[in-house]
Amino acid sequence: MTSAGYLPPAVVTAVYTELGMDQDWIGKGNREDQTTPVLLLRESAQRLGLLFKRSGKLRPTRVGLALAEDPVALWRHLAQRTAAEAARVEDAAAQLFLVVVAAGLTDTVEPTLLDLLQPMSPLPAGSVTISHLRTRSFQRTVDPFDRMKMRHYDIRRMGFQYNSEAAEFARTVLLAEAN
């Protein structure tokens, strides 16, 4: 890690190009503090128990090492950790998000959420907006979907589109919550 606590530029560049982040992000992709996708990926890997910082170095956890060669176990681990995050969430948006995506409503997630959340809101009818979904707790539930490239922003539709893997992952998260 750099003295400022970020990944070194060479590592940022490698992650940025190897994971194809240059397709969705503008910039050189060589400074973590200016390359949000790399920063969010590292932070989520730490939060999900795959990496940790010690003595200025980023290292894999025991779990991270064990899961590095087992994508099915990694999928389950991410689902369980995402479920734990969602279970701690006090707002209903995160839970409803998982249900809507699991149901396969992948083209209309945000509008469907707004329709479901409006009756629960103390705000006047029609006043719940997308900005109400941008809470930190909601973003923590959505974050794995971004990190695993299960959603993308469709500029023509002015909203996020989720793939079929997102629906399967949401179902896995909901099943993990039930256990």
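Side chains included, hydrogens not; waters and symmetry mates left out as well; all remaining heavy atoms used. Since the model is a prediction, treat every value here as computed from it, not as a measurement.
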Shared hydrophobic cluster, [X] / [Y] (ILVMFWY, side-chain heavy atoms < 4.5 Å):
X: Val63; Y: Leu58; value: no
X: Met1; Y: Leu51; value: yes
X: Leu96; Y: Leu174; value: yes
X: Trp25; Y: Val38; value: yes
X: Leu113; Y: Leu105; value: yes

Is the shortest side-chain heavy-atom distance between [X] and [Y] below 4.5 Å?
X: Arg47; Y: Arg81; value: no
X: Leu50; Y: Leu78; value: yes
X: Trp75; Y: Glu168; value: yes
X: Arg31; Y: Val12; value: no
X: Gln46; Y: Phe52; value: no
X: Arg42; Y: Glu32; value: yes
X: Asp70; Y: Val72; value: yes
X: Glu43; Y: Leu39; value: yes

task: Identify the two heavy atoms, one from Leu67 and one from Ala73, that lie closest to each other, and give their separation to 0.1 Å.
output: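 For Leu67 versus Ala73, the nearest heavy atoms are CD2-CB, 3.4 Å.
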
query: Closest heavy-atom contact between Ala176 and Ala79?
result: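 Minimum heavy-atom contact is CB-O, 4.1 Å.
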
field: side chain to side chain contact (heavy atoms under 4.5 Å, CB included) between Thr172 and Leu175, intermediate numbers included
entry: CA-CA 5 Å; Thr172 306; Leu175 288 173; 5.8 Å; no

query: Near Arg171 CZ, under 6.0 Å, is it more than 12 heavy atoms from other residues, nucleotides or ligands?
result: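 Enclosed: over 12 neighbouring heavy atoms sit under 6.0 Å from CZ of Arg171.
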
Which distance, rounded to the nearest 0.5 Å, do you find between the [atom1] of [X] and the [atom2] of [Y]?
X: Leu41; Y: Arg147; atom1: CG; atom2: CZ; result: 6.5 Å
X: Leu40; Y: Met21; atom1: CG; atom2: CE; result: 8.5 Å
X: Phe169; Y: Met150; atom1: CZ; atom2: CE; result: 5.0 Å
X: Arg156; Y: Gln161; atom1: CZ; atom2: CD; result: 9.0 Å
X: Leu48; Y: Arg140; atom1: CG; atom2: CZ; result: 9.5 Å
X: Thr141; Y: Leu98; atom1: OG1; atom2: CG; result: 6.0 Å

field: Pairs satisfying salt bridge (Lys or Arg N to Asp or Glu O under 4.0 Å), at least one member in residues 100-115, at least two apart
entry: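 Non-adjacent pairs meeting salt bridge (Lys or Arg N to Asp or Glu O under 4.0 Å): Asp107-Arg157, Glu110-Arg151.
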
message: Walk me through whether Leu7 and Thr2 qualify under side chain to side chain contact (heavy atoms under 4.5 Å, CB included).
response: CA-CA 6 Å; Leu7 292 171; Thr2 65; over 6 Å; no

field: Heavy-atom donor-acceptor pair, Thr61 side chain to Gly64 backbone, under 3.5 Å
entry: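 Side chain of Thr61 to backbone of Gly64: a pair is present.
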
Step-by-step side chain to side chain contact (heavy atoms under 4.5 Å, CB included) determination, Val100 to Leu116: CA-CA 10 Å; Val100 169; Leu116 293 169; 3.8 Å; yes

field: Ring centres under 6.0 angstrom apart (Tyr162, Phe97)
entry: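 Yes, close enough.
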
- prompt: Do the ring centers of Phe160 and Phe145 come within less than 6.0 Å of each other?
  reply: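 No, the ring of Phe160 stays outside the 6.0 Å limit from the ring of Phe145, centre to centre.
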
side-chain hydrogen bond (donor to acceptor under 3.5 Å, both in side chains) contacts in which one or both residues fall within residues 9-19, not counting sequence neighbours: none

- request: Report the residues that fulfil salt bridge (charged side-chain N to carboxylate O under 4.0 Å, His left out) with Lys53, sequence neighbours left out, ordered by chain and then residue number.
  value: none

